Amino acid sequence: MRILVTGGAGYIGSHTLVELLAAGHEAHVVDTFANSSPEALARVRQLANRDFGFTRADIRDGEAMARVARDFAPEAVAHFAGLKAVGESVGKPLAYFDVNVGGTVALLQALQAEGCRRFVFSSSATVYGDPDYLPIDEAHPRRTTNPYGRTKLQIEGILEDLAVADPAWSIALLRYFNPVGAHASGRIGEDPEGIPNNLMPYVTQVATGRRERLIVHGDDYDTPDGTGVRDFIHVVDLARAHVAAAEWTGRGAGCEAFNLGTGRGASVLELVAAFRAASGQAIPVTVGPRRAGDIAASWADPARAARVLGWRAELGVAEMCASAWGWAARNPAGYAGPERNPD
Ligand code: NAD
Ligand code: WQD
């Protein structure tokens, strides 16, 4: 099938491209490289040993989206493009509403005009806020505490309204839990700019000596070891879920939500211990205060994705850490620096 991948040069998009191409699909990427590098796409081409189309364009540019939709004539879209830093969204809410909400509306208008009505959206477990119960299923009430999360809630609402207005739409809302890890080759991975906000990229930067130590944001939560518990999911499992969801949009109808997680929680200290074991690196840690806005624990009930999409996560925390280390050791400065070739 022909799949348009917005944000395909990004962390999750690039891994998804590899899996889509491996499954025999034809892809076309739209990206501005606002938070990514052309090098990621070059490496995907090498890894997949297959080519795909690319248009450097902003999803907010309705004319450019209409051109891409006309020329490539996608049968389905995987929509990753957007801004994703929770903290930044608090200071720049308009940028987040403009890119995430405005960009998605511009994209949907172009698709609607060209007759493409199969859509896979990158949503987030952030739409559940501080959970009322665990594990979190898709019926859990939705709420949020920051502008980034509000963009995800608003986009989910827009997509639900669209499916009511026109039943020809088939839409999968994929609510990711905590994506980590990298492709087994170590050639593509997560490459955040500046000081990482998220746990795994921070840990890998400590491992490569770019940061001195990890600050654990609080060890007085009501969890077994007092540190936060999350449902970490390997990015390659997540990528494969997109292949399953894109294929499902050909069978399904309406707008349906799916949790993408393993169904198991691991604490911050458990993840650090697994990373030490996988990498052989020391990873010094210091316990600091809680981070504002953090929740104690979150993990998914992923049963619906298994039942409806036929997808379940297969990789565990050991593989997540080994692959994150494989990427970091080979690319200590990310895509900007030289690639070390230990093979
Ligand atoms: P990313 O920043 O690595 O990828 C996003 C891509 O979109 C980048 O390549 C960026 O250059 C591109 N982009 C940004 N603005 C654009 C625009 N206006 N037009 C075209 N391209 C644009 O992020 P990611 O981690 O791969 O996340 C992908 C999606 O998944 C995002 O929508 C994010 O909100 C969502 N998500 C991510 C996580 C996570 O922890 N990484 C969790 C839940 C949901
Ligand atoms: C995980 C745990 C931290 C960094 C965020 C977004 C969410 C989603 C995924 C997009 C927490 C602890 C972290 C550090 C630490 N993104 N931690 N020291 O907060 O669960 O989710 O990313 O949709 O919306 O909010 O992920 O990786 O930031 O934190 O102790 O330096 O690691 O306190 O317990 P989070 P995270």
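Start at 1 and go down the list; that is how both ligands and their atoms are numbered. Please read these numbers as outputs of a predicted model, since none were measured by experiment.
Taking the six-membered ring where the residue is Trp, the centroids of F33 and F54 are separated by under 6.0 Å.
Using a 4.0 Å cutoff on heavy atoms, Y148 counts as a contact of ligand 2. Within the structure, ligand 1 lacks G103 among the residues with a heavy atom less than 4.0 angstrom away. By the 4.0 Å heavy-atom criterion, R230 is counted among the residues contacting ligand 2.
Ring-plane geometry between F119 and F121 is classed as parallel, the angle between the planes falling under 30 degrees on a 0 to 90 degree scale with a further cut at 60. Between Y128 and H140, the angle of the ring planes goes over 60°, which puts this pair in the perpendicular group of the 30/60° scheme. Between Y148 and Y96, the ring planes lie perpendicular to each other; the angle is over 60°, past the 30° to 60° tilted range. Ring geometry for Y335 versus W327: interplanar angle of 30 to 60°, hence tilted. By the 30° and 60° cut-offs, the orientation of the rings of W248 relative to F258 is perpendicular. Classified by interplanar angle (parallel below 30°, tilted 30° to 60°, perpendicular above 60°), the ring pair Y176/H242 is perpendicular.
Residue S123 places no N or O, backbone or side chain, under 3.5 Å from any N or O of ligand 1. Of the polar atoms of I59, at least one N or O is found under 3.5 Å from an N or O of ligand 1, judged by distance alone. Taking any N or O of K152, backbone or side chain, at least one lies under 3.5 Å from an N or O belonging to ligand 1. Distances between N or O atoms of V99 and those of ligand 1 include no value under 3.5 Å. Ligand 2 has a nitrogen or oxygen under 3.5 angstrom from a nitrogen or oxygen of I215. Geometrically, ligand 2 and N178 share a nitrogen or oxygen pair separated by less than 3.5 Å. Some N or O of L199 is nearer than 3.5 Å to an N or O of ligand 2, by distance alone. Checking only distances, F177 never comes within under 3.5 Å of ligand 1, N or O to N or O. Considering backbone and side-chain atoms alike, A34 places an N or O below 3.5 Å from some N or O of ligand 1. For the pair N35 and ligand 1, the shortest N or O to N or O distance falls below 3.5 Å. Residue contacts with ligand 2: K84 is placed with no nitrogen or oxygen under 3.5 Å of a nitrogen or oxygen of the ligand (distance criterion only).
Heavy-atom contacts of V268 reach the following atoms of ligand 2: 2 (C), 12 (C), 30 (O), 32 (O), 34 (O) (cutoff under 4.0 Å). Close approach to V216 involves these atoms of ligand 2, each under 4.0 Å from a residue heavy atom: 30 (O). Atoms of ligand 1 found under 4.0 Å from any heavy atom of A9, numbered from 1 in the order shown, are 9 (O). If you number the atoms of ligand 2 from 1 as listed, the ones under 4.0 Å from a heavy atom of S124 come out as 10 (C), 23 (O), 24 (O). Of all atoms in ligand 2, listed by their number and element, those nearer than 4.0 Å to a heavy atom of N197 are 4 (C), 28 (O). Using a 4.0 Å cut-off to heavy atoms of A57, the atoms of ligand 1 that qualify are 19 (N), 20 (C). Below 4.0 Å from some heavy atom of G228 lie the following atoms of ligand 2, by number and element: 34 (O).
At the top of the distance list for atom 28 (O) of ligand 2, counting protein heavy atoms only, stands R291 NH2, 2.8 Å. Scanning the protein heavy atoms around atom 3 (C) of ligand 2, the nearest turns out to be D294 OD2, 3.4 Å. Among all protein heavy atoms, the one lying closest to atom 17 (N) of ligand 2 is H217 CD2, 3.6 Å. In this structure, the protein non-hydrogen atom closest to atom 25 (O) of ligand 2 is V86 CG2, 3.5 Å.
Side-chain contact between C255 and L162 is absent, with no heavy-atom pair separated by less than 4.5 Å.
By the criterion of a heavy-atom distance under 4.0 Å, the side chain of L214, and not its backbone, is placed next to ligand 2. Contacts with ligand 2 closer than 4.0 Å are made by heavy atoms of both the backbone and the side chain of N198. Under 4.0 angstrom from ligand 1, the non-hydrogen atoms of F33 all belong to its backbone.
Of the options M65, H15, K84, the smallest heavy-atom separation from atom 23 (O) of ligand 1 is shown by K84. The residue among Y176, F121, F80 with a heavy atom at the shortest distance from atom 42 (C) of ligand 1 is Y176.
The backbone N or O of G261 lies less than 3.5 Å from no partner atom in the side chain of R175, so there is not a single donor-acceptor pair.
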